[in-house]
Each structure stands twice: as structure tokens, then as C-alpha cells.
Amino acid sequence: MGEYLKAKELSFYYGSLPAVRRVNFGIERGAFVGVLGPNGSGKSTLLSLLAGLLEPAQGRVYLEGKDLLRLPRKARAKKIAMVFQNFPDQLELPCHEIVMMGRFPHWRKWQKESLRDYQVVNRAMQQTATLHLAEQPFAQLSGGEKQRVMIARALAQEPELLLLDEPTSHLDILYQLEIMSILTQLREQGITILCVLHDPNLAAQFCNQALFMKEGKIFAFGKIEEVMKSSVLSELFGVKFLEEIHPYTLRPFFIPLSISTPHKHPLKVHLICGGGSGKPLLRLLLQKGIEVSVGVVNQLDADEEAARKLNLEVVTEKPFSSIQKENLERAKQIAMQKNFVIIAPTFWGEGNLANLEMALSLQEKGKKVLLFEECFDVKFDFTGGKARKYLEALCKKGALIFKDLTSLFDYLDESSAHPKIERFSPEA
Ligand SMILES: Nc1ncnc2c1ncn2[C@@H]1O[C@H](COP(=O)(O)OP(=O)(O)OP(=O)(O)O)[C@@H](O)[C@H]1O
């Protein structure tokens, strides 16, 4: 556990509403932590507790091993600066005076601005690209400009610890990246940063740690490469994400798939596919909230890659290798837990033919097998007709054949409404 900033059993209530619940974590000096979580999960409250602006109901915050609330207010303000989500935005003061406010903790009573204060203010405004706004009244700035001036004010405080609550929320994409780069530079200068962000990609690209909050508790905390996973983000936000690797930062980035599954579909399917034949099916099945497992597919196959990125249960075989018995057995066990086995129109060779054998054996055990007319197209068969024989055997024993995806999904919809009724009969 880090020693610089520590939260120990930290709890806070608004009246009887628990906003932060028994939070424990610690960070090292110089960390850059992205704080993420759904709306109302307690991120802002946590930041205010870490700044010493709210007093915890239970627990304590320790800065360099010292109880934060025992530090005199001025000493605290010299060490910690906070950029708030909301600020009084109708101030008629010129921006340089707003930034100069950051110097207050460094002043003695009746002290006037020194040359050094002006130098620090100047530097902070340079760093945030706000120097040209120095004489302008704060109230007349755009939302993004105001936000940058407030960051300049925090920098003028020359803090060791910088706490920022959604500093990029009003900024266009260029300034979002600029602010994150500024924060990265500050981190390189030794400033410790905790920053509430709503964009997982900004956190993944710029922060070195992520702290995820859910319902007032820590949901996950750790290095970006350890906790920033599509599975964690999906569980946190209730949104499915596709995870990719950024081509040159080599950090993960996430694409929301806009597939939200608030109501889990009652049906589960096992998909036999390969070479990308499963992708259109996967998309539609997942959109409906149907649980899908995949296999056996070779590693590096397009369907294997898609299934892995979507965090599906997938049984794989080594690249370019025939399916081994143990993998087939594993796929069988997984498929037995599903309502249907679906066979996509896939190329068949000696290496993956065992999947059709598996489908037959699953059917013999009572599993319903669904396939497409297109599966019988000779162009898919590189086994000299063996694949077709398996497909015909499946049909003879009751597999259902569908013309297209629409008819398959009509059938699945009907089956989920009446899960016990199997009203379709196989076409020849
Ligand atoms: N001043 C307040 N009085 C009463 N309840 C509050 C107050 N501030 C926050 N809350 C409640 O406390 C909980 C946590 O709020 P908080 O603002 O810390 O969450 P957040 O994760 O920062 O949310 P957001 O992402 O929407 O900014 C929420 O349920 C919120 O409604």
C-alpha cells in the first residue's frame, strides 16, 4: 500500500445517505490516479474528503503518515489544491486575479503580492494556455477557458497533491488532451494527482493507476494494465466495451458497444463458427442479451479474437492445429449448459471437422442444433464431402435449418417466450 496518501476506513454520509463507504487505499508520491465510476458513486465526495474539505464520519485520511485533519488549514492548502466540478462562474475579476487567489495559502497576514507570486501566476497561466486571457473578466470566458483558468489557479498554489473533479468536462477534444498532457508533465515534476474522469480512454492513456467507485465503495483499484479491462468497465457502468490496444501508446482503449443488457435474456447459446462467420451472429445475439459461448476455434482466428475481446467464454485450439480431444470435451461441457447449439456457415477442413462431430454428439444428448441453409454450400466444404455428411446427419436427427438470420432470431424470440415449445420441424 502506498505511503504518501492513505485513506483508511473512510466513510461519509449526507444525512443518512452513505456517500462513501469504508474506503481503503494508498498511493505513492507522484502517482497519477484516474477516479472513475457511475454518476453518484461518491467520486466527488471522496475527493473532498481527501482534500480535507469534508470531515469523515468514520476513518481517516493520512498525508505522509499524518492525520490530514490535524494539519493546520493553511499547511493543508499549501500541500493540496483542488479543482472543483462547479465554480462561481459569474466573477467579474480579471483572470490573473483569479489565478493569484491560488497564492493565498503562501501569504502572511497583510502580505502583498511579491515578484515571485507574479512569476508563479505567470507560469501557471502559460502552462494552461490562459496567459492571453489574463486581463479578461472571468465571467466572460467560455466554459473550457474557465476550466483552464481554474486549473491555473490550482497550479499557482504550487501543490504537492492536485485533486481535480472532472477537469475535462467542458473542454473540446484538443483541450482535453492538452489538459491531460499538462497533468502528465506535472506528474513528471513530482506532483501527485487524483483526477475524476468520465472517459475511460483518457484514464487509460494518461493515468498510471485507476480507482473505480461504485455505490460509495471501491470497486477496483490498481495499475491501469491490471484493472483497466473491458470486463471491469462493463460491470462498473453496465455497458459492454470492446477493448483494443492503442497502436503507439500500447495502452488499452475502449469502444462502447452500446449493447446494454439490463434484462438478461433467458436463452443461452453455444456457437460453432470460425474465420469470421460468427461475427454477425455474435453481434445480434449479444444485442438481445443472450449469453453466448464459442468454440472450438483456433487462436488468432477472427471469431476467436472477437469472442475474446467481447469477454465471452471461448474454447480455443492452438493456431493452425486440429482440434484436440481435451478442448473438444471442454467445449461439449460448456455447450451442454446452453439451450441451443448454433452452427454458422463456416469453412470446414480436417482441422475443425471435430466441431460437427461434437454437434452430433450434443444432439444425441438432447441439445437442439440450429443451422443455416448456407451451411450446405459446397464452397465451405474442404473435407471432400465429410462435412456435408455430418450436416445431413444433424438434420435427419432434428436439427433446424434457417434461411437467414431473421428467421433464426424469430425462432429464438418465440422459444424464449415459450421455452418448452419446439414448434419448428427441419426442412429437407
Ligand atoms: N450536498 C449533498 N447533499 C446530499 N446528498 C449529496 C450531496 N452531494 C452528493 N450527494 C449524494 O451523495 C452521493 C455521491 O455523490 P457524489 O457527488 O460524491 O458522486 P459522484 O460519483 O461524484 O457523481 P457524479 O459523477 O454525478 O458527479 C450521490 O447519491 C449524491 O446524490
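Atoms within a ligand are numbered from 1 in the order they appear, just like the ligands themselves.
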For atom 25 (O) of ligand 1, find the nearest protein heavy atom and state the residue, atom name and distance (0.1 Å precision).
-> Lys43 NZ, 2.7 Å
Among Lys6, Arg76, Arg60, which residue meets the salt bridge (Lys or Arg N to Asp or Glu O under 4.0 Å) test with Asp67?
-> Arg60
Any Leu63 side-chain heavy atom under 4.5 Å of Ile80 side chain | yes
Heavy atoms, side chains only, cut-off 4.5 Å: are Thr184 and Arg187 in contact?
-> no
Out of curiosity, is Gly216 lining ligand 1, as in a heavy atom under 4.0 Å away?
-> no
Taking only heavy atoms of Ser41 into account, list the atoms of ligand 1 that are under 4.0 Å away from them.
-> 19 (O), 20 (P), 21 (O)
More than 12 heavy atoms of other groups within 6.0 Å of Arg70 CZ | no
Just which atoms of ligand 1 are under 4.0 Å from any heavy atom in His198?
-> 25 (O)
Could you tell me the residue and atom name of the protein heavy atom closest to atom 17 (O) of ligand 1, and the distance to it rounded to 0.1 Å?
-> Ser44 CB, 3.7 Å
Given Gln324 and Glu317, is the side chain to side chain contact (heavy atoms under 4.5 Å, CB included) satisfied, shown in steps?
-> CA-CA 7 Å; Gln324 300 297 302; Glu317 183 52 75; 3.3 Å; yes
Verify side chain to side chain contact (heavy atoms under 4.5 Å, CB included) between Ile224 and Cys207, making sure each step is shown before the conclusion.
-> CA-CA 7 Å; Ile224 292 291; Cys207 300; 4.2 Å; yes
Distance-only donor-acceptor check, side chains Gln299 and Thr316, under 3.5 Å = yes
Taking heavy atoms and a distance under 4.0 Å, where does Leu46 meet ligand 1: side chain, backbone, both or neither?
-> neither
Among all protein heavy atoms, pick the one closest to atom 23 (O) of ligand 1 and tell me residue, atom and distance.
-> Gly40 N, 2.8 Å
Heavy atom of the protein closest to atom 3 (N) of ligand 1 (residue, atom name, distance) = Tyr14 CD2, 3.5 Å
Which ligand 1 atoms does Pro38 reach within 4.0 Å, using its non-hydrogen atoms?
-> 21 (O)
Ring geometry between Phe241 and Phe254 (parallel below 30°, tilted from 30 to 60°, perpendicular above 60°) = perpendicular
Starting from the C-alpha separation in whole Å, work towards a yes-or-no answer on salt bridge (charged side-chain N to carboxylate O under 4.0 Å, His left out) for Lys332 and Glu329.
-> CA-CA 5 Å; Lys332 248 188 227 176; Glu329 276 312 308; 3.5 Å; yes
Considering only protein heavy atoms, which is closest to atom 26 (O) of ligand 1, and at what distance to one decimal place?
-> Asn39 ND2, 2.9 Å
Identify, for atom 29 (O) of ligand 1, the protein heavy atom at the shortest distance, and state residue, atom and that distance.
-> Leu17 CD2, 3.7 Å
Gly37-ligand 1 polar pair, N/O distance under 3.5 Å = no
Is a donor on one side and an acceptor on the other found under 3.5 Å between the side chain of Ser41 and the backbone of Pro38?
-> yes
Ligand 1 contacted by Met213 (non-hydrogen, < 4.0 Å) = no
Who's the nearest protein heavy-atom neighbour of atom 16 (P) of ligand 1, and how far?
-> Thr45 OG1, 3.6 Å
Protein contact for atom 31 (O) of ligand 1 (heavy atom, distance under 4.0 Å) = no
So is there a nitrogen or oxygen of Gly42 less than 3.5 Å from a nitrogen or oxygen in ligand 1?
-> yes
